Amino acid sequence: MDTADVVIIGAGPAGLAAARVLKARGVASLVVLDREQEAGGVPRHCGHPPFGLYEFRRVLTGPAYARKLREAAAGIDIRTGVTVTRLGEGGLLSIVTPAGEDQIRARRVLLATGTRETPRSARLVSGTRPQGVMTTGTLQQYVLRGVRPVRRAVVVGTELVSFSALLTLHDAGIQVAAMIEENARITFQRPADLFPRLVLGVPVLLNTQIIAIEGGERVEAVLIRRGGGHEERIPCDGVIFTGQYIPENALLKHSHLEITPGLGAPSIDQTYRCSDGVVYAAGNVLRPVETAGWAYREGEAAAAMIAASLKTDQPATRSIPITWDAPITIVTPQRISLPGPALDAMQFKLRVSRQAVGRLRLLIDGRELWSRHMEALPERRIDLPRRLPSLEGASRIHIAFQEI
Amino acid sequence: MTGYAGCHTRGMGHYRLLCASLCAEIGPDRRLTDPIRWLAGFASILVLTFSQPVLNAGGRVAPTHMMRSPIPDSSVEIPDIVVIGAGVVGCAVTRLFALSGARVWLLEKGPDLLSSSASKGNSAILHTGFDAPPGTLEHQCIQAGYQEYLDLREKFNLPLLETGAYVVAWTDEELDALPHIVEKAHHNHVTDVRIVDRAELLRAEPNLHPGALGAAHIPREFVIDPWSPSLAYVRQAIAHGARCFFDCEVQSGRFDGQMWALDTSRGPLKTRAVINCAGLFGDFVEAINAPSPFEIRPRKGQFVVFDKSAYPLVESIILPVPTARTKGILVTRTIFGNVLVGPTAEDVPERDYPTVDQGTLKNLIAQAIQKIPALSDHDVTAIYAGLRPATQFSEYQVRSQPDRRWITVGGIRSTGLTASLGIARHVWSLYEKEFGGSFTPAADPVWTPVPNIAENAPRAYQQPGGGEIVCHCEWVTRREIEDALGGEFPAGSLGGLKRRTRAMMGRCQGFYCGAHVAALAEGKRASAPAEGTR
């Protein structure tokens with residue numbers, strides 16, 4: 001059976017960044033697996049800038065960025081067209097290659113499988129099920145292949161990726177009938193909505209829900225409900241559901257690894273290590289979505305931890321769980337392993353499920369050690385202070401959001 | 001604050017700096033450090049964006065489906081039988097008549113087999129008939145169809161998931177109803193049905209809500225692939241000389257005492273006999289013959305499909321105790337590795353393009369979680385709705401009119417998948433007895449096994465040299481997709497392609513592979529530019 005010191009699952013920004021660092025730190029046998037025919041991850045499909053600012057000090061389109069990632073990983077054993085079908089215990093991976101089924105055993109595994117958007121079906125959107133309904137990912141792949149899959153689209157969502165979808169639609173010469181947002185304000189930073197409103201002439205409809213998709217063979221319209229309660233029909237032949245990223249975690253769910261309840265993300269400590277000590281995780285599989293640059297940096301950080309653990313493994317004697325409650329929806333990491341390195345600002349991240357105004361509080365063993373008044377928005381990363389106080393004697397860390 | 005803000009060092013390109021400020025890297029307090037510069041950066045982004053090369057404005061737009069060739073002229077060929085409707089019943093009928101030596105044409109108004117919302121959207125159960133109305137044609141056809149399916153399936157390489165079923169009682173009232181269910185089953189010749197107590201039930205199904213009180217066990221109620229049988233039947237029919245015409249809607253017709261002249265959307269044809277298997281449009285087609293004695297009243301059934309991660313939670317089909325109103329909602333594993341909950345039973349006017357409704361879907365999910373609480377940890381992969389061709393009657397509407405050379409197979413709702421082979425036998429026996437004429441059956445029938453797409457049998461990606469996987473959620477290889485798109489009997493629509501391969505039916509719903517599958521389908525009969533149901 002094939003063996004390796006480290007197997008990285010996923011050759012996107014996080015996986016390739018980790019590979020570079022592991023190679024630079026002298027890891028002898030390193031294999032990167034990706035189920036697509038080409039490495040580079042989701043950026044391969046995103047046809048417009050900005051990518052690569054941190055990594056290459058350039059502003060690149062997604063495909064160019066992916067190409068540079070591949071170039072920077074030259075000399076590393078990257079095996080494309082390989083699917084991992086099972087993450088077994090002790091670093092035993094079941095894989096499928098074009099030649100058939102096989103196995104590979106690794107001392108360490110890095111899960112860097114990334115994230116995907118929530119499609120119409122999982123959103124339980126009412127209506128018929130005609131052609132022309134897709135996510136940004138699918139749209140961008142069509143456009144990259146030179147295909148205009150629809151003529152006039154409605155974009156659902158106002159996250160960063162929703163504006164990416166707008167740009168893609170514009171590049172492809174596809175009309176945009178409207179951008180629809182459930183909440184009272186756009187999810188991404190204001191005044192990004194000036195772009196569709198003023199520059200493209202696309203209405204951005206806030207407080208608006210999509211009620212149903214209409215159409216027989218193809219989409220004919222979407223039925224929406226405006227803030228005031230009245231319903232409107234927008235003629236179109238395409239609906240682009242954007243964002244609401246979820247981890248690409250099928251491997252995880254069929255494995256022995258602990259999963260953060262309700263989120264499908266692997267439960268990690270401050271060294272990116274999962275519950276079994278062999279598997280690590282980095283990048284957007286950890287939580288809904290960051291830019292490629294962030295995933296890249298996480299890959300680098302996780303790789304440094306992996307390399308260190310291969311030299312001198314320090315199994316945790318104690319684990320401090322981190323808990324949180326609504327409206328906080330996820331905190332990474334989910335526990336602190338002691339002994340272990342201190343958390344730094346880049347790692348400790350959280351998200352809220354909805355807009356909330358109040359005081360974010362960090363409590364250690366019930367005592368508040370830090371708090372900050374803020375307006376929290378969904379899909380936005382919220383950072384905690386750069387350096388946490390010593391956690392030596394602590395047994396509980398809790399993050400609360402006290403709404404006012 | 002992190003990397004991006006640190007980029008404003010001298011010597012970096014102006015526009016990189018400005019791009020930096022646009023990125024999602026605003027400071028932790030979320031205040032713009034310099035609003036003017038941010039706006040300028042924003043404006044610069046627009047300039048840069050619009051200076052990107054615009055996609056070739058000739059980017060291919062959705063092609064309309066390919067023109068079909070006209071039907072052979074009646075001076076060239078007159079079939080013995082025209083079967084109208086390529087749902088599972090029409091496919092089974094076509095097969096048997098072709099094997100019996102008849103020259104059969106199968107006409108379908110949609111672009112592919114199973115275009116109708118009846119045959120493509122059901123619960124995929126192979127029914128024992130334990131709860132069928134006793135002494136009915138339906139019951140007879142279910143049991144004949146069940147047995148024949150088991151006899152034939154290996155020759156066709158059709159899969160079988162031997163789940164068994166439990167009719168679970170959740171209240172004392174339901175518990176009291178179980179003996180009657182068992183009695184009815186025995187009366188229906190399903191003699192291995194028996195009552196199991198709570199302890200045995202929970203040993204067999206440990207994830208069932210502990211509120212379950214007991215059940216009737218139906219050990220031979222199974223789960224099958226709902227789409228591949230029809231493909232197998234039609235391919236065997238074609239191997240015995242049958243012809244299929246898609247996008248061929250029968251619009252009107254006249255009988256001259258001996259021969260039917262039918263007008264279709266692909267031109268006129270003549271035939272010596274017609275078998276109406278038009279399902280949801282059965283009454284419209286029937287009206288070509290005579291005023292239809294039945295009226296199709298579509299009954300919609302909505303379904304929710306849970307992620308494959310839920311598969312281990314339930315091993316059998318979990319059935320409810322039926323009430324006077326409804327058969328109720330089942331929860332079962334599917335042969336494709338998922339968990340299914342449904343169907344509802346809603347009278348609707350539409351005969352195609354059924355709608356799903358968010359409130360109803362959420363209710364289905366809640367009901368599933370009530371029975372199997374651990375399902376709350378699992379995601380939804382797909383939602384769909386089927387339409388049952390119900391009529392004002394509860395019985396199958398099968399009628400043979402030898403003087404009109406017309407056989408009606410109407411009102412096959414709920415049990416058509418299981419009963420189809422049995423219905424075919426019954427229709428053949430009617431024809432044989434009453435229509436006269438004789439055919440020479442095939443001496444040595446050709447068997448046409450179909451590719452396996454079920455999870456409980458070897459799949460293409462697992463074979464050495466299986467090749468590139470295109471659909472990662474369902475592990476569908478490029479070769480499987482290409483085979484389904486080409487060959488003697490290619491898929492006629494994107495939906496047809498999906499039903500032959502499982503491509504794009506998984507949790508990502510085409511996020512990873514949608515455009516690739518569309519590109520593979522380009523220029524083929526199945527071609528369609530975006531994901532959807534057809």
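Computed from a prediction, not measured in an experiment: that's the story for all the values here. Residue numbers begin at 1 in each chain, while the letters A, B, ... track the order of the sequences.
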Quick check for you: among A:Leu124, A:Thr97, A:Ile246, which has the greatest number of heavy-atom pairs under 4.5 Å with chain B? A:Leu124

Tell me yes or no: between the side chains of A:Ser162 and A:Glu159, is some donor less than 3.5 Å from an acceptor? no

Pairs of heavy atoms under 4.5 Å with chain B: top-ranked of A:Gly100, A:Ala212, A:Ala122, A:Pro98: A:Pro98

Please determine, among B:Ile365, B:Val380, B:Ile383, the option with the most heavy-atom pairs under 4.5 Å with chain A. B:Ile383

Among B:Val470, B:Asp377, B:Asp357, B:Thr360, which residue has the highest count of heavy-atom pairs closer than 4.5 Å to chain A? B:Asp357

What residue in B:Leu361, B:Val356, B:Ile469 has the most heavy-atom pairs under 4.5 Å with chain A? B:Val356

Which atoms of B:Gln358 approach chain A - backbone, side chain, both or neither, heavy atom under 4.5 Å: both

Any idea which of A:Glu36, A:His45, A:Glu214 has the most non-hydrogen atom pairs under 4.5 angstrom with chain B? A:Glu36

In terms of heavy-atom pairs under 4.5 Å with chain A, which of B:Gly466, B:Gly467, B:Gly359 leads? B:Gly467

Pick whichever of B:Lys308, B:His472, B:Arg507 has the most heavy-atom pairs under 4.5 Å with chain A. B:His472

Would B:Gln302 and B:Glu346 count as a side chain to side chain contact (heavy atoms under 4.5 Å, CB included) if you check the C-alpha gap in whole Å, the side-chain angles of each, and the deciding distance to 0.1 Å? CA-CA 9 Å; B:Gln302 297 186 50; B:Glu346 310 161 66; 3.0 Å; yes

CA sep, side-chain torsions, deciding dist, call: A:Glu290, A:Arg297, salt bridge (charged side-chain N to carboxylate O under 4.0 Å, His left out): CA-CA 11 Å; A:Glu290 292 289 356; A:Arg297 271 172 288 178; over 6 Å; no

Looking only at B:Lys362, B:Glu350, B:His516, B:His378, most heavy-atom pairs under 4.5 Å shared with chain A are made by B:His516

If you measure only the distance, is there a donor-acceptor pair under 3.5 Å linking the side chains of A:Gln37 and A:Thr80? no

Need one label for B:Tyr311: side chain, backbone, both or neither, based on atoms under 4.5 Å from any heavy atom in chain A. neither

Relative to chain B, which segment of A:Val125 carries a heavy atom at a distance below 4.5 Å: side chain, backbone, both, or neither? backbone

Minimum heavy-atom distance between A:Asn249 and A:Gly264, given as atom pair plus value: ND2-O, 2.8 Å

On the 0 to 90° scale, with breaks at 30° and 60°, tag the A:Phe163-A:Phe188 ring pair as parallel, tilted or perpendicular. tilted

If I compare all heavy atoms of B:Cys471 with all of B:Met504, which pair ends up nearest, and what's the gap? SG-N, 3.6 Å

Determine, stepwise, if the pair A:Leu360 / A:Trp370 fulfils side chain to side chain contact (heavy atoms under 4.5 Å, CB included). CA-CA 8 Å; A:Leu360 183 64; A:Trp370 174 89; 4.0 Å; yes

